[in-house]
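Here the structure is a predicted model, which is why all the values come from computation and not from measurement. Per chain, numbering begins at 1; letters A, B, ... match sequence-line order.
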Number of protein chains: 2
Amino acid sequence: MANLQEERPDDGVELGVLTDLAGYHLRRASAAFAADFARVLEGTGMRQVLFGVLSVVAANPDINQGMVGRSLGIQRANMVALINELVELNLVEREVAKDDRRAFALRLSPIGQDILAECIQRIRAHEEEMLSDLAHDERGRLIRLLMRIEAKERS
Amino acid sequence: MANLQEERPDDGVELGVLTDLAGYHLRRASAAFAADFARVLEGTGMRQVLFGVLSVVAANPDINQGMVGRSLGIQRANMVALINELVELNLVEREVAKDDRRAFALRLSPIGQDILAECIQRIRAHEEEMLSDLAHDERGRLIRLLMRIEAKERS
DNA sequence: TATTGTTATACTCTATAACTATA
DNA sequence: TATAGTTATAGAGTATAACAATA
């Protein structure tokens with residue numbers, strides 16, 4: 001890994017060992033993305049996590065909370081408030097599952113589909129902006145590298 | 001030997017539009033890193049953020065809180081408790097700055113230097129583990145890509 | 001006036017344990 | 001016994017506004 005130490009865009013402040021730690025840069029890049037994300041979704045009532053839930057529910061009609069949570073790395077307990085929020089916003093419909101009366105079957109409402117579509121449009125523009133310095137093949141390469149790191153997670 | 005880790009709890013669940021969003025994968029990869037990080041630093045009393053502060057203070061003796069915060073993207077107000085914590089742990093020494101009586105000059109204590117060294121050792125091993133699937137040139141490429149995204153952040 | 005550190009505050013995200021009702 | 005959803009709770013991280021001392 002060639003000398004990253006020489007690339008120091010900060011105001012004279014050295015980052016020390018952080019400079020060449022992937023974990024640090026992952027954190028900062030992720031935070032940079034998230035900070036702008038809030039601005040991008042302003043007015044839609046959506047947040048990063050809620051959008052994630054909408055996306056998974058849209059792609060898996062009648063999925064239940066637990067499975068949504070597991071796919072996104074969200075605890076069962078923390079899913080409750082998120083789903084309540086989406087139901088109260090009339091974005092998600094929640095019915096007792098026909099095959100398992102403990103579970104809820106989740107679906108997007110028509111409004112939920114509209115909101116999701118609107119968010120997707122904004123988010124695609126946001127990605128375009130954040131990744132504008134990266135060539136097209138670099139973007140794909142980045143995502144593939146990130147997926148290999150995600151796969152390393154231990155439960 | 002069968003690999004038990006192979007069992008993915010989100011089997012069959014589609015992520016929808018998230019699948020090819022860099023922001024999503026950034027978030028998940030960053031979370032994967034952070035989750036293991038806590039385990040790696042267990043017993044040292046350190047956390048991701050505290051380690052970041054130690055690293056910057058070590059690299060910039062007599063730096064003040066505000067500059068540390070700015071370099072790491074931490075608000076002034078939130079730096080207070082972090083520095084207090086490090087001072088109470090006897091890892092950081094805090095003196096009124098000679099050239100500016102509003103500010104504190106921060107330095108690592110001898111113990112702080114030891115703890116930092118210990119953390120660096122563990123973190124390097126952690127990085128090695130998390131990035132074991134990536135070739136050496138891929139790791140450098142990943143960090144460079146991430147730095148270009150960080151640079152996109154708006155203040 | 002601007003800046004350094006500070007307090008107070010609030011919201012989100014995350015993590016755990018214990019409960020209920022079904023399976 | 002195990003699982004789906006729930007409640008309660010607590011700890012972090014993050015964000016803003018306002019203040020005192022100093023520049």
Side-chain angles (χ1 to χ4, degrees), chain A residues 11 13 24 27-28 30-39 41-42 45-53 57 62-87 92 94-106 153-155, chain B residues 9-10 13 24 27-28 30-39 41-42 45-53 62-87 92 94-106 153-155:
Chain A
D11 344 306
V13 177
Y24 169 72
R27 182 177 155 87
R28 291 306 299 272
S30 177
F33 240 92
D36 253 30
F37 206 88
R39 238 183 311 251
L41 292 192
E42 221 159 65
M46 286 296 96
R47 278 166 288 147
Q48 235 177 354
V49 190
L50 292 180
F51 172 76
V53 173
V57 171
D62 289 337
I63 192 173
N64 67 35
Q65 293 183 197
M67 294 190 74
V68 174
R70 251 167 281 148
S71 74
L72 292 173
I74 304 172
Q75 307 278 333
R76 281 198 316 290
N78 296 326
M79 282 300 299
V80 179
L82 296 175
I83 297 295
N84 282 343
E85 203 175 339
L86 290 172
V87 168
V92 162
R94 172 174 51 184
E95 286 182 6
V96 172
K98 285 168 185 159
D99 55 327
D100 185 343
R101 278 154 45 213
R102 294 171 302 182
F104 287 128
L106 304 175
E153 182 157 32
R154 300 190 218 161
S155 61
Chain B
D10 60 332
V13 177
Y24 169 72
R27 183 177 153 87
R28 290 305 299 270
S30 178
F33 242 92
D36 251 30
F37 207 88
R39 238 184 310 251
L41 292 191
E42 219 158 65
M46 286 296 97
R47 279 166 286 147
Q48 235 179 351
V49 190
L50 292 180
F51 172 76
V53 173
D62 289 338
I63 193 173
N64 68 35
Q65 291 182 199
M67 295 190 72
V68 174
R70 250 168 282 146
S71 75
L72 292 173
I74 304 172
Q75 307 279 333
R76 283 199 314 291
N78 296 325
M79 282 300 299
V80 179
L82 297 176
I83 298 295
N84 282 342
E85 202 175 339
L86 290 172
V87 169
V92 163
R94 172 173 53 183
E95 285 182 8
V96 172
K98 285 166 186 163
D99 55 329
D100 184 344
R101 277 154 46 214
R102 294 172 302 184
F104 287 128
L106 305 174
E153 183 156 34
R154 300 190 217 162
S155 58

Could you tell me the separation between the [atom1] atom of [X] and the [atom2] atom of [N], rounded to a whole number of Å?
{"X": "N84(B)", "N": "dA8(C)", "atom1": "CG", "atom2": "P", "answer": "13 Å"}
{"X": "N64(B)", "N": "dA21(D)", "atom1": "CG", "atom2": "C1'", "answer": "15 Å"}
{"X": "I83(B)", "N": "dT7(C)", "atom1": "CD1", "atom2": "P", "answer": "14 Å"}
{"X": "E95(B)", "N": "dT4(C)", "atom1": "CD", "atom2": "C1'", "answer": "17 Å"}
{"X": "M67(A)", "N": "dA4(D)", "atom1": "CE", "atom2": "C1'", "answer": "12 Å"}
{"X": "R28(A)", "N": "dT14(D)", "atom1": "CZ", "atom2": "C1'", "answer": "13 Å"}

Checking R94(B) now: which residues fulfil side-chain contact (heavy atoms from CB on, under 4.5 Å) with it, not counting sequence neighbours?
Q65(B), I83(B), N84(B), V87(B), F104(B), L106(B)
Name all pairs fulfilling the side chain to side chain donor-acceptor pair (under 3.5 Å) condition that reach into residues 74-83 of chain A, sequence neighbours left out, sorted by first residue then second.
none
Y24(B) meets the ring-ring contact (aromatic ring centres under 6.0 Å, His included) criterion, sequence neighbours left out, with none
For nucleotides 13-23 of chain C, read 5' to 3', which letter fits each nucleotide if B means a protein heavy atom sits under 4.0 Å from the base, S means only the sugar-phosphate is that close, and - means neither?
SBBBB---BBS
My understanding is that only residues two or more places apart in sequence, or in another chain, count here; which of them pass salt bridge (charged side-chain N to carboxylate O under 4.0 Å, His left out) with R101(B)?
none
Identify, with sequence neighbours excluded, every residue that meets salt bridge (charged side-chain N to carboxylate O under 4.0 Å, His left out) alongside E95(A).
none
With M79(B) as partner, the option from L72(B), N64(B), V49(B), I74(B) fulfilling side chain to side chain contact (heavy atoms under 4.5 Å, CB included) is I74(B)
